[in-house]
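One structure below.
So that the names make sense, note that chain A is the first sequence line, chain B the second, and so on, each numbered from 1. Small disclaimer: the values here were computed from a predicted structure and weren't measured.
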Amino acid sequence: MSTPPEKSEDKGPSRNFIQQIIDTDRVASKNNGLVRTRFPPEPNGYLHIGHAKSICLNAGLAHEFNGEFNLRFDDTNPAKEEQEYVDAIMEDVRWLGADWEDRLYFASDYFDQLHAWAVRLIEAGKAYVCDLNADQMREHRGTLTEPGKECQYRMRSPEENLDLFERMKAGEFPDGSRTLRAKIDMASPNLNLRDPVMYRIKRAHHHRTGDSWCIYPSYDFTHGQSDSIEKVTHSICTLEFENHRPLYDWFCESLGIYHPQQIEFARLNLSYTVMSKRKLLQLVTEKHVGGWDDPRMPTIGGLRRRGYTSAAIRSFCDRIGVAKAASTIDMAWLEDAIREDLNQHAPRAMGVLRPLKVVIENYPEGEVEYLEAANHPQNPEMGTRTVPFSRELYIEQDDFKEDAPKKFFRLSVGREVRLRYAYFITCTDIVKDSSGNVTELRCTYDPATQGGNAPDGRKVKGTIHWVSADHAANAEVRLYDHLFRVENPNDTPEGGTFLDHLNPNSVEQIANAQLEPALAAAQPGSHFQFERNGYFFVDPVDSATGKPVFNRTATLRDTWAKLSKR
RNA sequence: UGGGGAAUAGUGUAACGGUAGCACUACGGACUCUGAAUCCGUCAGUCUAGGUUCAAAUCCUAGUUCCCCAGCCA
């Protein structure tokens, strides 16, 4: 996925710190030079752009070093996990272009092995059954500055522990009444090493193992061993697991099993959005958005429905880099990535979002002519189409200004502009309603400029898009903006929440945009650039045959908007 | 006040003792039948203070700031 290093001997592309670690490992023939990575989601929610960074990183590394990439679900908490999420996650990973081939794994497939390993640690005197309840355990754990206390159960014999653990497994004890803990060090300055829980009693239906277990292994007792079973060479995770690495290492060492190397990197933060699963869930359940795939969501499903392509997301992940410093990437980077992709690939069309009627007074009534327009001016191979032209048209309201400044290159009374692919027109008069709003423009056209070129060589500064009023297709268009109006929604004053920063105008629905007629047949899932407006995607969910709904994926850069703001 | 991490233009990311580079943003300009794209250019950076060295973003010392950890979540 990420581009392989170039051959150039001088200065190749920069290598991130993980690539450098792997370079070193390969020079040392560690793992015989093999690279195997994995993406280990918990199926308790939908994937977001932050996960995409991890997927691209892991799959990209495997690809770059000719290794293997696994998909493994970390499904050790049946209370939160569901098959629905498994399915959605697989779809998203596949869509992103990461290929796990036949290596789809579930931590739950390792439950028997994990149990056997737990028994082994008990026998070795390295694990014990503890009768403390959650509150008591918290008390015994100590604090950041004070060591924890060893409990009375810590000294139980392996025989007693074995017996108790088997009875835990057999369902003899109520939920939460006992745990199996690793016997490490209650005084460790790293709280994760203060005899962490390996197994807890939890009667919950597991999406894969059903009701066959009532004890479930914890993340710490599962993750490293799962990596080990799969012979993962480089176990790449986010920074918050750095404190867990000693535990990861402890289990592999104590068990004497293959020991993968855990490497941590900084998770992705994006401006103007939130990334935590909890907050995304809240947006959905409290109906601040339409669902997990709402086009304003930073989820993979949301981005896809917004019109992002997987190529753009991969390119984005490639560009943002990988490091250990916590950082927040500007949303503009994501927008840049999708613009770059769509600029090359999206066919052009004309669509008027906020229509203003234009009557060409010297154009014969009832006449229609079909003018040729390029589907992509920079790429003639994409062909041409025709658009109907007639006496009455719609143009964009923003393309007319009664008191037009000098730098305004569009229409105003007495000014001439080019209608894209059509004619030069000059505005001669305006019609207003009783409250003074301009409702119609009266114009004349120059028949000699058909197709958009003047034989006398005269230039016009402005070219605007248009549609024929009688032929235009009506369609719903949704204009999306940032979900939050501040760069960092997590930055809230005392007593506030991230929801306070929700952007009330994050979506604007336009019920009756006027589009060139061919767009009525636009296929769901296809991309267009409405010239001078932006990139639009035909919503795969809400579109019906002959009634497409367009989601604005991204605007075009708008120099004029910037100029006019000053 | 314990432990683990991290600090390089506005934002990201390279440089691994030897010219601080690249990208995004911003701002100019050229070009243009999309005020788009493209092209050219400008502004702008090594957290602080000491030290080692011919030479320090890089090594050492001290400090500052930020992030993570007290779930039977992952």
Counting side-chain heavy atoms from C-beta on, which of [options] comes nearest to [X]?
{"X": "A:A323", "options": "B:A36, B:U13, B:A23", "value": "B:U13"}
{"X": "A:F408", "options": "B:U34, B:G4, B:G35", "value": "B:G35"}
{"X": "A:P377", "options": "B:A6, B:C16, B:U34", "value": "B:U34"}

Write down the partner of B:U11 under the Watson-Crick or G-U wobble criteria, each distance required to be under 3.5 Å.
->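 Its partner is B:A23.
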
Looking just at side-chain N and O atoms, do A:Y110 and A:E230 make a donor-acceptor pair shorter than 3.5 Å?
-> yes

Rounded distance in Å between the [atom1] positions of [N] and [M]:
{"N": "B:C31", "M": "B:A36", "atom1": "P", "value": "14 Å"}
{"N": "B:U52", "M": "B:C68", "atom1": "C1'", "value": "34 Å"}
{"N": "B:U58", "M": "B:U8", "atom1": "P", "value": "13 Å"}

Are any of the side-chain nitrogens in A:D398 or A:R354 under 4.0 Å away from the carboxylate oxygens of its partner?
-> no

Should the pair A:F389 and A:W466 be assigned to parallel (<30°), tilted (30 to 60°) or perpendicular (>60°) ring geometry?
-> perpendicular

Touch class at under 4.0 angstrom, heavy-atom based, for A:F73 against every strand present |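 Nothing, no heavy atom under 4.0 Å.
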
Do nucleotides 69-74 of chain B as a string where each nucleotide becomes B, S or -: B if the base has a protein heavy atom under 4.0 Å, S if just the sugar-phosphate does, - if no protein is that close.
-> BBSBSB

Starting at the 5' end of nucleotides 25-31 of chain B, put B wherever the base has a protein heavy atom under 4.0 Å, S where only the sugar-phosphate does, and a dash everywhere else.
-> SSSS---

